[in-house]
Structures are given as C-alpha cells and as structure tokens.
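Values in this document were obtained by computation on a predicted structure and should not be read as measured data. Residue numbering restarts at 1 for every chain, and letters A, B, ... go by the order of the sequence lines.
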There are 2 protein chains.
Amino acid sequence: MAYDLILQNIARHINLTPGEQDHFISLLKPEEVKKKALILREGQLCNNIYYVNSGILRAYHLDKDAKEATIMFALSDWWITDMFCFINCQPAMLFIEAVENSSIVGLQKKDLDQLLIEVPKFERFFRIIMQNAYIREQLRVIQNLSLSAEERYHSFLTKYPQVVKQVTQKQIASYLGITPEFLSSLKVNKTKN
Amino acid sequence: MAYDLILQNIARHINLTPGEQDHFISLLKPEEVKKKALILREGQLCNNIYYVNSGILRAYHLDKDAKEATIMFALSDWWITDMFCFINCQPAMLFIEAVENSSIVGLQKKDLDQLLIEVPKFERFFRIIMQNAYIREQLRVIQNLSLSAEERYHSFLTKYPQVVKQVTQKQIASYLGITPEFLSSLKVNKTKN
DNA sequence: TTAAATTCTTAATATACCTTAACTCCTTTG
DNA sequence: CAAAGGAGTTAAGGTATATTAAGAATTTAA
C-alpha cells in the first residue's frame, strides 16, 4: 500500500514536515475491500472516516420501504463517511459499500481528534474538506429543488463522467431520486430529440 | 451593537485571549437590515459571510422560471452566506434577504483569510462550522430523497419550530420543494386525520 | 459453461404533486 | 382610513414521475 496519493491530497492544502507525514501515516489503517462488501452498516457505530485510494465506494440510506437513496459516490482521492454519526458517535444511518474492488485507508475518530490537537495544521485541512463537502451538498439541494429529473440526470452526466462509467443506472437513479424505470425512459427520449 | 452573542458563539468551540477577541471584533461590520431588504443579489460578488445577531435571514435561488427555492433560513446565532461563491470569489447564485428587521455582522473574505493565518485557532472554529453545515445539508438530501412532501413538512415543523413562527407558508413550501397550494392542502388533511 | 440472479427496457396504469383560477383574509402603504 | 398587493385556501384539471409486470440483456456464481 502506497501513501503517495493521500499525501498529495493533503499537500494540496497544507505543508507537513516529514515527521508529521510519518505520524499521520502511522494512524492510517489500510484495507482492501471486495466489490459489494459493506464497510459500514446502518446501526453500527461509525468510528472511521475513509480515504479512497483506488476503486469506488457508495453511501446509501434505506428508507422505511427498503428503498435505497444514494447519498454519495466516492471515487479515488475522495474522503467518505457517515459524517453525522462519525462526529457525534451515533449509530450509522448509512450503508457504505464498495461498488468495485477498492483500496482504502481508514482513520479512526479518536486518532483524528488527537491529531487535530497535536498537529493543528490539520484543522485547516479538514476545514477545507468540510467546506468543499458543504458546498457540494448545497449545490445538490439547489438542483434537487429547481431542476427536473431529466435536467438532474444531464447535470450528473457532465459533473461525474467517471462515476457514470463505474456504477449501474439503478445506482444513478437512486442518487437522482427517481426510479430506474423512469431513468431508462429518460434516456430514450434523449436519443429521440 | 453588542458583540456578546458572537463571542459566545465562538467560545463554544475555541478559547480566545482578550487581544484576539478585540482583533476579531475589529474585523466585523455591523449592519441593520430592514425587513425584505436584500443583503446579497444573484450575480453580485459575494464578499461577506454574515452572522445573525437578531432577526432572521433567508437564502434563496431563482430558477429559469423565476421560481424561488429556499436554501436556508438563518435565525439568531447562525452564520450564512452563498458559500460556493464566497469561497471561490464567484458571482452569487443566491439572494439573501431579511425576513424580519435584523441585526447582523459581516466578515469580509479577505479579512477572514488573513484571520485564519494570523490566528490559526479560527481554523478549528470554521472547521466545526463547515462540518455542521455539511451534516445539515446531508440530512436534508437524505430527507429529500426518502420522504414524501408531507413527511418533510412534519419534520420541518419539529426541527425548526422557531422558523415556523417567523416565516410565511410560501417560504416554507419553497424550502420543502413544493407549491404553497399543495402545502395548504397537506395541512387540511393533517387536521382531518 | 451453464443456471441463477440482477439489471435494463418497455408499456400500461396509477398517483403525488403542479397549474390555474377564483375567493377571502391580512398586511402594507399612501 | 382606503386601496392595493400579497398570502392563504379550495377545487378542477393536468403532468411528471411511480408502480407493476413481463421480457431481454447482462453479470454472477456454481
């Protein structure tokens, strides 16, 4: 397991000394996950935030009718967790599964909390990570409120072309908040126009 | 204009020395806004993040059919801005208006950037602010995807009882992503059951 | 390599929510 | 205080999207 990618990810925002880099890496728990394996289940304590080295993860929620709502896809170089439950030490609301075989690293809540105290530079790093995540979700809320299903689909295609290649339409539909049948019919109309 | 409230807001997460407090306060621009006044318009540069001392603000987006989508309400003790445009120095996508006469303080982007460098403790503070904002938006996305209009309405009533008292139903409807007419009909059914 | 399972598609029917419109009740403002 | 505009309500009719079901295509697993 190479840590280049995650160190680059961090170096985009803060500069670590070699010692700080080593300390940070010592906290990481690398993990290889097989396609369809779950790294988090609803109801479990969510103790880890994950960085995706390669592969792709998907976080989803199951509603009372067992319908899936995809909350996010995490490609290579993304961070993912059930943030509410991670921060508040609550049982997870989300499932996180590997869409493809993936290589990830986990960082435990207690280790992160201590890291933020010992190396306060990381506060800046995670401020930026959280800020970007907030902005992403806010843009999604805006689109959910003001675009039709078809418009959201096209926006998704242009915003996440890499994800489109790696996940099923059923999963894209559950991200957009529509049924796979309706997504299928949208594609037909697109070809016709 | 008293700065107790905003200092308490900050003291909930970090400890400032008296000197740091004074420095921080020197960066703030207090402003009294009248009901219905806009403090940000779509297309303007969004140079400020605002803290609400008293009153209530509303951020909304206008879609291509001039339909409003309410993105957030900010009560007393909340922070609000068009985060994407604030961070990226882009023209705003959002309008921010005062729902009632409000007393707010603005903090300019350039002053915040410098503050984060001069007093790095603020990185922790804004990390927590961004984190909470991210969690809020993510919960909203989950609800938008998995609840019916009626369920979202009831959830809103219990989550933001204070907001319910201060804004119109039209504004609540535009937050929920439904028409005021439909919200009105939901209330009738609730009474009947 | 085949059987089983899952995904994708198509189409008919159903429904949650929208649109329009008309009326009442408030609130704002001159 | 009167007039005008906006907010809330109700109801009829319309549309975007869901549901159900069945067959075809693809993937998974034995």
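Distances from the side chain of Q169(A) to the nucleotides dT28(D), dG8(D), dC8(C) place dC8(C) closest. In this structure, of dG8(D), dT9(C), dA18(D), it is dA18(D) that holds the atom nearest to the side chain of I178(A). Picking from dC18(C), dT17(D), dT9(C) the nucleotide with the shortest atom distance to the side chain of F182(A) gives dT17(D). The side chain of K35(B) lies closest to dT28(C), out of dT17(D), dT28(C), dT28(D).
When each of A149(B) and K36(B) is assigned the nucleotide of DNA chain C with its nearest heavy atom, A149(B) is the one assigned upstream, toward the 5' end. In terms of position along DNA chain D, the nucleotide closest to R152(A) lies nearer the 5' end than the nucleotide closest to the other residue of the pair R152(A) and E181(A).
If you measure from atom CG of L183(B) to atom P of dC17(C), you get 12 Å, rounded to the nearest angstrom. To the nearest angstrom, P of dT28(D) lies 10 Å from CG of N101(A). Atom pair L186(A):CG and dT17(D):C1' shows a separation of 9 Å (rounding to whole Å applied). In this structure, Y153(A) places its OH atom 10 Å from P of dC8(C), rounding to the nearest Å. The distance from atom CG of D65(B) to atom C1' of dC18(C) is 12 Å, rounded to the nearest whole Å. Between the CD atom of E151(A) and the C1' atom of dT15(D) there is a distance of 15 Å, given to the nearest Å. Rounded to an integer number of Å, the gap from CD of Q166(A) to P of dT27(D) is 15 Å. In this structure, L176(B) atom CG and dA16(C) atom P are separated by 17 Å, rounded to whole Å.
For the OP1/OP2 pair of dA7(D) and a distance below 4.0 Å, the side-chain nitrogens and oxygens of Q171(B) include no atom meeting the criterion. One finds no side-chain N or O of K170(A) lying less than 4.0 angstrom from the OP1 or OP2 phosphate oxygen of dT6(C).
Using modelled atom types, one finds a donor on one side chain and an acceptor on the other under 3.5 Å when comparing Q131(A) with R127(A).
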Could you go through the side chain to side chain contact (heavy atoms under 4.5 Å, CB included) check for R12(A) and D77(A) one step at a time?
-> CA-CA 12 Å; R12(A) 240 169 274 141; D77(A) 204 36; 3.2 Å; yes

For the pair V52(A) and Y50(A), evaluate side chain to side chain contact (heavy atoms under 4.5 Å, CB included) and give the outcome as yes or no after the intermediate values.
-> CA-CA 6 Å; V52(A) 181; Y50(A) 298 99; 5.7 Å; no

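Within 6.0 Å of CG on N15(A) lie no more than 12 heavy atoms contributed by other residues, nucleotides or ligands.
Side-chain contact between F73(A) and Y175(A) is present, with heavy atoms from C-beta onward closer than 4.5 Å.
Using a 4.0 Å heavy-atom distance criterion, T179(B) is classed as a base contact.
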